[in-house]
Amino acid sequence: MISLKSEREINLMHEAGKLLAECHRQIAKLIKPGITTMEIDQFVEKFLARHGATPEQKGYKGYEYATCASINDEICHGFPRKEPLKNGDIVTIDMVVNLNGGLADSAWTHPVGNISDEAKRLIDVTEKALYKGIEQAIVGNRMGDIGHAIQTYAEGENFSVVREFTGHGIGKTIHEAPAIAHYGLPNKGLRLKEGMVITIEPMINIGAWQSKMDANNWTARTVDGKLSAQYEHTIAITKDGPFILTEQKM
């Protein structure tokens, strides 16, 4: 069942989104060689507590952390760890914020120190792919329009699009219907309606699109060990176009 959100509910989620965006901006200032993703996770937990919010994924299906921190070939759901980040790494920080019952979800990939030109291009293309998907998130379009825009752009840049993990609806819980694929055919799939709130979160790889699962049954990584990046926003479908609830650009 897909739930359509009221203006009040969307405003509540936007407040959570604004706090999440500010948290991402602060994380960007912290990331450098030598810091650990566990230190970033602890910063996020304290930051949210100071602002009266909580990390919604902590405890979700037994997950233990405030963030997911995926490094290099990890596609998503990497555990925060005590090993320092190294110059040349890339790291994706993903989190869900609960502020007064409103939820918002966003992921961002960060360079650590000086990264390769290939890694820079991956990050750039992945972020642009997200916004190309968001452009299609308008009333009357279909799910396939979002996925097709992302896939054609990313593959046109000679990268691949992860298939096994998708965006999703979000509202009273982290994951609601529908699933939002980041690949597909135009004018196919469910039609978008005013009041839907979804995440678009393309995961783009340098090599093959397939993933493999770590022994922890959470962390997915590329099958060939090549880099993966991810960008995610929470978006409300409105009569005036897509409303990004987690936008960081001021």
Exercise for review: Please find out if less than 6.0 Å separates the ring center of His175 from that of Tyr60.
Suggested key: yes

Review point. Does Val139 share a hydrophobic cluster with Met196, counting links as ILVMFWY side-chain heavy atoms below 4.5 Å and allowing steps through other members?
Key: yes

Point to revise | Ile90 reachable from Trp108 in the ILVMFWY side-chain graph, under 4.5 Å edges | key: yes

Practice item. Answer yes when Glu164 and Arg221 have at least one side-chain N-carboxylate O distance shorter than 4.0 Å, and no when they do not. Key: no

Review point. Are Glu157 and Arg121 close enough for a salt bridge, meaning some N to O gap below 4.0 Å?
Key: yes

Practice item. Give a yes-or-no answer on whether the side chains of Ser3 and Glu176 include a donor-acceptor pair shorter than 3.5 Å. Key: yes

Exercise for review: Indicate whether any N or O donor in one side chain lies under 3.5 Å from an N or O acceptor in the other, for Asp145 and Gln136.
Suggested key: no

Practice item. Spell out, yes or no, whether Ile40 and Val97 are grouped together once hydrophobic residues are joined by side-chain heavy atoms under 4.5 Å, including indirect joins. Key: yes

Practice item. Taking atom types as modelled, find out whether Thr246 and His233 have a side-chain donor-acceptor pair closer than 3.5 angstrom. Key: yes

Check your understanding: Is the closest basic N to carboxylate O distance between Glu22 and Arg25 below 4.0 Å?
Key -> yes

Check your understanding: Of the options Gln57, Lys58, Glu56, which is the one that meets Asn98 in a side-chain hydrogen bond (donor to acceptor under 3.5 Å, both in side chains)?
Key -> Glu56

Point to revise | Shared hydrophobic cluster, Val125 / Tyr231 (ILVMFWY, side-chain heavy atoms < 4.5 Å) | key: yes

Exercise for review: Scan side-chain atoms only and decide if His77 and Tyr63 contain a donor-acceptor pair under the 3.5 Å cut-off.
Suggested key: no

Review point. Using a distance-only test with no angle check, is there a side-chain donor-acceptor pair under 3.5 angstrom linking Ser116 and Glu118?
Key: no

**Study point:** NZ/NE/NH1/NH2 to OD/OE distance under 4.0 Å, Asp124 and Lys128
**Key:** yes

